[in-house]
Amino acid sequence: MEFFKQTLRELQISIIILGILNILIGMWFPKEMLPYVLGGVLGTVTSLVMADHMARTIVRAVADDSKASTKFRIGYFFRYALVAVVLVV
């Protein structure tokens, strides 16, 4: 389980680093900064939430084999709904 937590931590650090790089490198190109920066921050936060939710879903599904497919399905639906909401905003 410690390896799983370490992997999640590494994934989250990578998401944060790429989000910061995306914002810093891309700040030179758009004409309006605020929407670009807010979009980058919202995308980074959404990625962090989705990674954490995916990890929790995997842990719950592995711990209880009887309803694993149902838990995975509900987790997928929640993550897709979250992405749809972020894309609409």
Side-chain angles (χ1 to χ4, degrees):
M1 193 60 156
E2 186 61 34
F3 178 74
F4 186 73
K5 289 180 182 179
Q6 179 184 358
T7 304
L8 177 62
R9 221 175 297 123
E10 290 172 358
L11 176 63
Q12 290 171 337
I13 291 170
S14 300
I15 290 170
I16 291 170
I17 290 171
L18 289 175
I20 291 171
L21 284 175
N22 179 33
I23 291 170
L24 291 177
I25 292 171
M27 283 176 67
W28 301 105
F29 301 112
K31 294 180 181 176
E32 295 184 31
M33 282 298 187
L34 187 62
Y36 180 79
V37 172
L38 288 177
V41 170
L42 181 64
T44 302
V45 169
T46 303
S47 297
L48 289 170
V49 169
M50 289 177 60
D52 186 58
H53 184 264
M54 189 180 306
R56 291 178 189 214
T57 302
I58 291 171
V59 168
R60 282 186 304 188
V62 170
D64 183 22
D65 289 340
S66 63
K67 297 183 180 181
S69 64
T70 304
K71 290 182 182 183
F72 272 124
R73 211 173 317 129
I74 291 171
Y76 288 143
F77 177 75
F78 176 77
R79 284 190 297 276
Y80 285 131
L82 179 65
V83 168
V85 168
V86 169
L87 288 176
V88 169
V89 171

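If you're wondering where the values come from, they're calculated on a predicted model, not measured in any experiment.
Cluster annotation: Leu21 and Leu11 are assigned to distinct hydrophobic clusters (Ile/Leu/Val/Met/Phe/Trp/Tyr, side-chain heavy-atom contacts under 4.5 Å, transitive). Each of Ile20 and Ile17 belongs to its own hydrophobic cluster when Ile, Leu, Val, Met, Phe, Trp and Tyr are linked at side-chain heavy-atom distances under 4.5 angstrom.
Counting only residues at least two apart or on different chains, no ring-ring contact (aromatic ring centres under 6.0 Å, His included) pair has a member in residues 5-33.
To the nearest 0.5 Å, the span separating CG on Leu18 from CD1 on Ile13 amounts to 12.0 Å. Taking CG from Leu87 and CG from Leu82, the interatomic distance works out to 9.5 Å, rounded to the nearest 0.5 Å. In this structure, CD on Gln12 lies 8.5 Å from CZ on Arg9, to the nearest 0.5 angstrom.
Across all their heavy atoms, Ala55 and Leu8 have their closest contact at CB-CD2, 3.7 Å.
Between Met50 and Met54, the closest side-chain pair of non-hydrogen atoms is not below 4.5 Å.
Under a cut-off of 6.0 angstrom, the local environment of CD in Glu10 is crowded, with over 12 non-hydrogen atoms contributed by other residues, nucleotides or ligands.
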Considering only distance and modelled atom types, tabulate donor-acceptor pairs under 3.5 Å from the side chains of residues 33-49, sequence neighbours left out.
unit_1 : atom_1 : unit_2 : atom_2 : d
Tyr36  : OH     : Asn22  : O      : 2.9
Tyr36  : OH     : Asn22  : OD1    : 3.2
Thr44  : OG1    : Gly40  : O      : 2.8
Thr46  : OG1    : Leu42  : O      : 2.7
Ser47  : OG     : Gly43  : O      : 2.9

